[in-house]
Number of protein chains: 2
Amino acid sequence: MRPTVHDVAGEAGVSLATVDRVLNRRSGVRAETVARVNAAIMKLGYVRDISAANLAKQRVYNLLFIVPEGSNSFMLGLEKELGQAKLHALLDRTHLDIRKVKTFDADALATALENIDVAQVSGVALVATESQRVRQALTRLREAGIPVVTLVSDVSDPYRDHYVGIDNIAAGRTAASLIGRFSGRRFGKVALVAGSMLVKDHAERRAAFEQAIGEEFPGLECLPVLEGRDDAAVTRALLAELLDRERDIVGLYSIGAGNRGVIDVLTSKAEYREITVVAHELTEHSKQALRDGVFDAVINQDAGHEVRSAIRLLKARIDDTPVIANQEAIRIEIYVRDNLP
Amino acid sequence: MRPTVHDVAGEAGVSLATVDRVLNRRSGVRAETVARVNAAIMKLGYVRDISAANLAKQRVYNLLFIVPEGSNSFMLGLEKELGQAKLHALLDRTHLDIRKVKTFDADALATALENIDVAQVSGVALVATESQRVRQALTRLREAGIPVVTLVSDVSDPYRDHYVGIDNIAAGRTAASLIGRFSGRRFGKVALVAGSMLVKDHAERRAAFEQAIGEEFPGLECLPVLEGRDDAAVTRALLAELLDRERDIVGLYSIGAGNRGVIDVLTSKAEYREITVVAHELTEHSKQALRDGVFDAVINQDAGHEVRSAIRLLKARIDDTPVIANQEAIRIEIYVRDNLP
DNA sequence: CTGAAAGCGCTTACAG
DNA sequence: CTGAAAGCGCTTACAG
């Protein structure tokens, strides 16, 4: 049998209350007593039972998730996962509060962060848009001892405890590698379609992609990026015009969430089927495009994994328990038609 | 506040013991009383707190993992993950017992299964080698109410509760797709290197690979498979001889765990660098081969994820709690140099 | 600075 | 067929 607080108390010759004080590093215990208790803990190999502790404490975790208002399929998928996680979390005394703010609006995000009642919330996860006000709001939270993780989109390091998402530089390089190899040493141009260059993830992916193409596939030339604002109509118009104008496009990298517009254009003319296409985010649309051979590969981050990871990381910070680093690493997943989940 | 057994007891006008009996579907309660309690549960929206229940029950989970004796890097990786999971599991009253049996030896596996004391073990995970004796041993366990999951390598459906591993048919098709696309519509032959065609995973990957190549890349022709027995020296000798003999090999699919021998041969002559190579399982060797450009892609299953998933699935069966299907799906991961974790 | 007692939400003998 | 009481491993007022 694993030792309990009773065993430790007996071994150290003190009461349960004192063991508890030492265990929780509460003040008001003589140094000598602390030493005796710690010696007993070491001797018995005592390890605290956290679920019993949480039961006694009636601990509930109030986790706040701040996400952009349902715009594109990926964010909708993230919301769906949050909804599912919410039900499951309840079984673990964990309440998920999901708040939506205007997309890409740093001030709206900052306001949401500033309005957090630090007495009510035990941890915060946010899809970040960085700004000075956001950084200040995050600083207030962290000074109040509230753990903060960023989800999918990051802020600079000292303003959060952890980033839950993929390395967008590596993702851009991966896309370059796939397009370069799939297009089979051909010469030609590569079209880039993004949401907006003001979004950090998109900008990072694009820069890394262009650099990798330049370094490794000298036969390919990147065209100026189209900014479709994650809007199907805008994307469609811009891309149709580009494909019509440029005659030797062999590859296309869809950086953001404009997949629907991209698919529309690519399926509009038979000759476009020769273009090697790599896109981001696995959705019903992109899956279908893979099956139809319109897309050649999709780079994905698993929204369900990200949500669960954010919850685990926040709770681990709150309880001061260890995490399994490997389990929390978000993979840059590559899907082709054949390994679809 | 979430309702507790006390609230249910009060609402139904019965004692805690009776609520507990209904909750746990124990017999010896009048149908009318059962109905009253269930009505109260519905009315209050009561949901049992499982960690409190486990505390009261002093429930410990004794999970037995049966794995092949440390042979190849993948299995060594699996063991490492099991070791790490073992430490973490202890915090959750879960004991992992890891037992090794002779590799690919169905009788050794069956003996291990037959020796299980069903009173001591609460769940079993095994890397399966199928045989009649193994199926019988599994039937005994399941009839004793012990949940069984297969890990990495499966048995037929009715003999286990769940399979934790990748779809090897899809994995073989994925390999074909990658080699076909990476080799750029060239014509030529593809070498296949496996451990043994007696191993079901290898046989499935190979068959699916050959079929997909035949269907989709008519310019490529699969050579007879080399069986390297997952041994570096054997693999090296066979492959060196093959590459020396056949002059127009453009692709190589390393199906099993013989990566070290494959890498040795491929790096032995400059001309071999042109060969498009897809291998299985991410290890230090295969990662280095990707970085060096010796391998073009590696197909992987995440051993850590598999171990954690097996634990979650077994505990969910034991406690009769739901699982998140998505979280338990093992992905066919594709790695190129740029998305290495 | 320290301890005795009650309680967290469940389950388990035991008694009736 | 049903209930009162004690206990699982912790924590928390309260008293001293």
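Reminder, nothing fancy here: chain letters follow the sequence lines and each chain counts from 1.
Residues passing the salt bridge (charged side-chain N to carboxylate O under 4.0 Å, His left out) test with A:Asp157, sequence neighbours excluded: A:Arg160. Residues satisfying the salt bridge (charged side-chain N to carboxylate O under 4.0 Å, His left out) test with B:Arg142, not counting sequence neighbours, are B:Asp161. Taking A:Asn300 as the reference, A:Glu281, A:Leu282, A:Glu333, A:Tyr335 meet the side-chain contact (heavy atoms from CB on, under 4.5 Å) condition, with sequence neighbours excluded. Looking at residues two or more places apart in sequence or on another chain, you find a salt bridge (charged side-chain N to carboxylate O under 4.0 Å, His left out) between A:Glu32 and A:Arg36. With sequence neighbours excluded, the residues forming a side-chain contact (heavy atoms from CB on, under 4.5 Å) with A:Arg133 are A:Asp107, A:Ala110, A:Thr111, A:Glu114, A:Ser131, listed by chain and number. With sequence neighbours excluded, the residues that form a side-chain contact (heavy atoms from CB on, under 4.5 Å) with A:Ala329 are A:Arg331. Partners of A:Asp117 by side-chain contact (heavy atoms from CB on, under 4.5 Å), not counting sequence neighbours, listed by chain and number: A:Ala119, A:Gln120.
Side-chain nitrogen and oxygen atoms of A:Thr18 include none within less than 4.0 Å of the OP1 or OP2 phosphate oxygen of C:dT2.
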For a quick test of your reading: what N or O donor-acceptor pairs under 3.5 Å do the side chains of residues 83-92 of chain A make, sequence neighbours left out?
residue, atom, partner, partner atom, Å
A:Lys86, NZ, A:Leu96, O, 2.8

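Residues from residues 29-43 of chain B with heavy atoms under 4.0 angstrom of DNA chain C: there are none.
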Would you write the dot-bracket representation of DNA chain C, where each base gets (, ), [, ], | or . depending on whether it forms a Watson-Crick or G-U pair under 3.5 Å and with which partner? |||.||||||||.|||
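Among residues at least two apart or in separate chains, there is no salt bridge (charged side-chain N to carboxylate O under 4.0 Å, His left out) pair with a member in residues 119-128 of chain A.
In terms of modelled atom types and a separation under 3.5 Å, the side chain of B:Tyr61 and the main chain of B:Val121 share no donor-acceptor contact.
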For nucleotides 5-16 of chain D, give me one character per nucleotide, 5' to 3': B if any protein heavy atom sits under 4.0 Å from the base, S if the only such contacts are to the sugar-phosphate, - if neither. --BBBBBB----
